[in-house]
Amino acid sequence: MRFSKLFIPTLREEPADAESISHILMLRAGYIRQLAAGLYIYLPLFQKVLNRINAVIRQEMDAIGAQEIVMPALHPAEIWQQTGRWDTIGDEMFRLKDRGHRDMCLGMTHEEIVTWLASREIRSYRDLPQVWYQLQTKMRDEARPKSGVLRTREFMMKDSYSFDVSEDALDRNYKLHAEAYHRIFERCGLQFMQVESDPGMMGGAISHEFMAPSPSGEDDVALCESCGYAANVELARSIPHKKETKIRDPEEVHTPEKRTVEEVSRFLKLSSSDFIKSLLMISDDGPVLALIRGDQALHEKKLSKKIGNHRPAHKEEVKDILGVEAGFIGPLGQKIRMIADECLKEGVYVCGANKQHYHMSGIAAERDFTPEWHDIHVAQEGDLCVNCNAGLTVRRVIEIGNIFKLGTKYSEPLKAYFLDENGNEKPIIMGSYGIGPARIAAAAIEQNHDRDGIIWSPDIAPFHIEILPLNLNDKKTVSVAEKIYNELSESGIDVLIDDREVRAGVKFKDADLIGIPTQVIIGEKNLKNGLVEVKDRKTKTSATIAIEEVTERLKSG
RNA sequence: CGGGGCGUAGCGCAGUCUGGCUAGCGCACCUGCCUUGGGAGCAGGGGGUCGGAGGUUCAAAUCCUCUCGCCCCGACCA
């Protein structure tokens, strides 16, 4: 295509509203424009990238026997009410009424709809398995859209759903999806990993996420290099590294006005890991004292699994319930429920003495207090792997895909049943699987760029080759450029030719910015020797090649 | 939803504290000349409800009140 005919509004300066690299570059290179918070217009170049990514996705989904369908983005409330999610999902769901005052919503996902379809059409085990997928817009009223295309309120998703007769059959589809996802992300040129994840509101028992490492991500994963354990820190288990302590026998120590772990540890010249942090939580069943080591953070989700809904107690509540100010509370002599992190089983610690301006040192669990034991800390860099005891690393990542084993969470309430070979009615066993194409593109940019702009991998680049005729007033330049352009185009290669009447510098800058993998530079000096220059965007290395040979060389890659 | 920042030409910004004359700069844009291997140069030109509403004042981009929007941190997040 011709640059002069394509809408590629590049920006010389960095947009003020963008912070993450992919956001800045997509705006500067003329790929997207923002309409409102979390809403973007995809310009021609970005649409071409998405088409490429979606083509890869379709190929790999088709290859595992998935069938493409399209479901509405606008849903009647009834179906969501049947699964209960109409009520459990809050402001994140866009809700509206139609002219007949019926409640409707914009689909944030399609489990309900696809299960409704299955419930009407699937009768027999002979109809199974089925795998249906779509590329469809999702709407979520995100509390905080951010980082350009990474977190938006309206976005395309490839979502697929598997329907099986048994858990074993589900396992097969789950595995097929995992393998297909690996191929998709590899073909898109991404660095990525598969990690265990928290099923969250999707329900179901097992789920994994596909993560692309990037500082612009919103999730953290814990990784064990030695055994391969990889999990979202939302559920990652770990063993905090042990520390020798100098503390011995129980002893009351005066700690005037020292309330936080930091304050007391500095005052007593001890490490924060020598402390027990006591946090009073109010659960639906009453107060609970959560105990974690001073250098660790409480994991709210892990705690929720033990005590249900809870919130931190207010300052006044701490005084009312425990009789002492929050800075000096501890597990000794408590009658309320106590849940301690497992790493406190061993060692001797300092904790609040339940007495204003005093702490207790030399405290050991089981001897001095008896809590319930659970893993309730957030896994940190340097913790040890629960499987092999090696050190864990924690990395920031972008979630680019996920796979869930749903089981019967949706088939039961929506009555998606089938008759098995014995004539017994059973709920269909389901799985659901998502990929965000725009996130793939953004992650690719985050992982592959330099000071000058984007560096696309050839599989998802908007064009394969960009031709830069530097001086359009030179007839030879134009004729050679057009000749190469025509030959490459005819052989099926997607070529962009910068035929704009602008100076060479502008063409170079824009070419580097938009990131087409290969540049063919046509300048007068080389032409005099019968040569053109072929330059690699990533390495910035170039070779001069005879005019007659260029097309063949480029065709062969 | 809590905390912070910002709204002045298409983009990036100055001016706001301390009210005052025709609201300014760079880039982009239009015309002409010139130039053509890393965002050239010269000359001329167009473009503004200063986010919006109300108020104070002889006078408001500037002060006050309300409101809308956008970004960042946190909470939240199929």
Side-chain angles (χ1 to χ4, degrees), chain A residues 9-20 23-24 27-28 30 33-39 75 80 83 85 88-94 105-114 136 138-148 150-153 155 157 159 161 197-204 207 209 216 218-219 232 234 300-301 311-312 399 401-404 406 409-410 432-436 451-453 468-474 477-478 498 500-513 519 521-528 531-533 535 540 542 544:
Chain A
T10 58
L11 266 20
R12 186 196 291 237
E13 291 187 77
E14 211 167 274
D17 279 349
E19 198 119 314
S20 71
H23 191 192
I24 292 169
L27 285 168
R28 277 201 60 207
R33 284 296 182 261
Q34 179 170 14
L35 174 67
L39 297 174
H75 304 172
W80 286 83
T83 61
R85 286 161 114 194
T88 57
I89 295 173
D91 292 336
E92 209 180 332
M93 182 186 272
F94 282 107
C105 65
L106 300 179
M108 43 197 300
T109 178
H110 282 77
E111 279 79 18
E112 275 76 2
I113 309 308
V114 82
Q136 171 58 300
K138 307 290 190 237
M139 318 277 187
R140 294 180 192 174
D141 197 357
E142 290 286 349
R144 185 147 98 83
K146 55 178 288 198
S147 305
L150 279 175
R151 188 165 204 81
T152 54
R153 294 193 290 176
F155 59 99
M157 179 184 268
D159 46 327
Y161 305 88
S197 72
D198 186 342
M201 93 181 210
M202 288 298 297
S207 65
E209 287 164 329
S216 295
E218 298 181 85
D219 286 283
N232 193 314
E234 286 178 354
E300 305 261 346
K301 283 189 177 171
R311 59 168 175 83
E399 182 188 352
N402 51 37
I403 52 179
F404 295 92
L406 298 175
K409 181 176 160 85
Y410 298 95
S432 96
Y433 318 86
I435 286 183
R451 190 189 295 111
D452 296 314
L468 288 77
L470 297 184
N471 183 3
L472 296 186
N473 295 323
D474 179 59
T477 298
V478 174
D498 194 344
R500 293 176 301 168
E501 291 273 7
V502 294
R503 296 173 65 83
V506 176
K507 296 191 182 185
F508 284 127
K509 288 288 181 191
D510 275 348
D512 288 347
L513 228 203
Q519 301 171 1
I521 300 162
I522 298 170
E524 290 171 87
K525 283 171 201 146
N526 279 322
L527 282 183
K528 284 188 181 125
L531 300 169
V532 297
E533 178 181 342
K535 185 172 177 183
K540 298 235 163 152
S542 59
T544 47

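A note on names: the letters A, B, ... follow the listed sequences, proteins ahead of strands, and every chain is numbered from 1.
Here the separation of B:C73 from B:G20, taken at their C1' atoms, is 41 Å to the nearest Å. The separation of B:A59 from B:G19, taken at their P atoms, amounts to 15 Å, rounded to a whole angstrom. With P as the reference atom, B:A14 and B:U56 are 31 Å apart, rounded to whole Å. With C1' as the reference atom, B:C42 and B:U35 are 11 Å apart, rounded to whole Å. Taking atom C1' in both B:A60 and B:C17, one finds a spacing of 15 Å when rounded to whole Å. Taking the P atoms as reference points, B:G48 lies 15 Å from B:C25, given to the whole Å. Here, B:G44 and B:U22 have their P atoms 24 Å apart, quoted to the whole Å. Taking atom P on both B:A9 and B:A23, the two are 14 Å apart, rounded to the nearest angstrom.
Under the 3.5 Å distance criterion, the side-chain polar atoms of A:Glu142 are left unmatched by any main-chain donor or acceptor of A:Arg144. Of the possible donor and acceptor atoms, one in the side chain of A:Arg28 sits under 3.5 Å from a partner among the backbone N and O of A:Leu11. Side chain of A:Tyr161 to backbone of A:His110: a donor-acceptor contact under 3.5 angstrom is found. Of the possible polar contacts, none joining the A:Arg153 side chain to the A:Met139 backbone as a donor-acceptor pair under 3.5 Å is found. With A:Arg500 contributing its side chain and A:Lys507 its backbone, the two residues share no donor-acceptor pair below 3.5 Å.
Among the heavy atoms of the strands, none lies under 4.0 Å from A:Gly90. Contact annotation for A:Ser147: backbone-only contact, meaning every heavy-atom pair under 4.0 Å involves sugar-phosphate atoms and none involves a base. Within the nucleic acid shown, A:Ala143 comes within 4.0 Å of at least one base atom, counting heavy atoms only.
Rounding to whole angstrom units, CD of residue A:Glu92 and C1' of B:A75 are separated by 13 Å. Note: CG (A:Asp17) to P (B:C6) measures 13 Å, nearest angstrom. Between A:Glu19 atom CD and B:C6 atom P the separation is 14 Å, expressed in whole Å. As rounded to whole Å, 7 Å separates atom P of B:C76 from atom NZ of A:Lys301. In this entry the distance linking CD1 of A:Ile24 with P of B:C11 reads 17 Å, nearest Å. Put simply, CD on A:Glu142 is 15 Å from P on B:C1, counting in whole angstrom units. Summarising the geometry, the separation between CD on A:Glu13 and P on B:C25 is reported as 16 Å, rounded to the nearest angstrom. Rounded to whole angstrom, the span from the CD atom of A:Gln34 across to the P atom of B:G69 amounts to 13 Å.
Base pairing analysis places B:C21 opposite nothing; no Watson-Crick or G-U wobble pair with both distances below 3.5 Å involves it. Using the Watson-Crick or G-U wobble rule with both distances under 3.5 Å, B:U36 pairs with nothing in any strand shown. Of all nucleotides present, only B:G45 satisfies the Watson-Crick or G-U wobble test against B:C29, with each distance under 3.5 Å. With a 3.5 Å ceiling on both atom-pair distances, the Watson-Crick or G-U wobble partner of B:C1 is B:G74. Nucleotide B:G7 forms a pair with B:C68, judged by Watson-Crick or G-U wobble geometry with both contacts under 3.5 Å.
With no hydrogens or angles considered, no side-chain donor-acceptor pair links A:Thr544 and A:Asn526 at under 3.5 Å. A donor atom on one side chain and an acceptor atom on the other are found under 3.5 Å apart for A:Asn232 and A:Glu209.
Residue order along RNA chain B, read from the 5' end via each residue's closest nucleotide, puts A:Ala18 first among A:Asn402 and A:Ala18. Judged by closest nucleotide on RNA chain B, A:Pro145 is the one of A:Asp219 and A:Pro145 placed further toward the 5' end.
Closest contact between the side chain of A:Lys146 and the listed nucleotides B:C71, B:G12, B:C72 involves B:C72.
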If a protein heavy atom is under 4.0 Å from the base, mark B; if only from the sugar-phosphate, S; if neither, -; do that for nucleotides 32-45 of chain B going 5' to 3'.
---BBBBBB-----
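Counting heavy atoms from C-beta on, the side chains of A:Ser216 and A:Leu150 come closer than 4.5 Å.
Note on A:Arg85 versus A:Glu111: salt bridge recorded, some NZ/NE/NH1/NH2 to OD/OE distance being below 4.0 Å.
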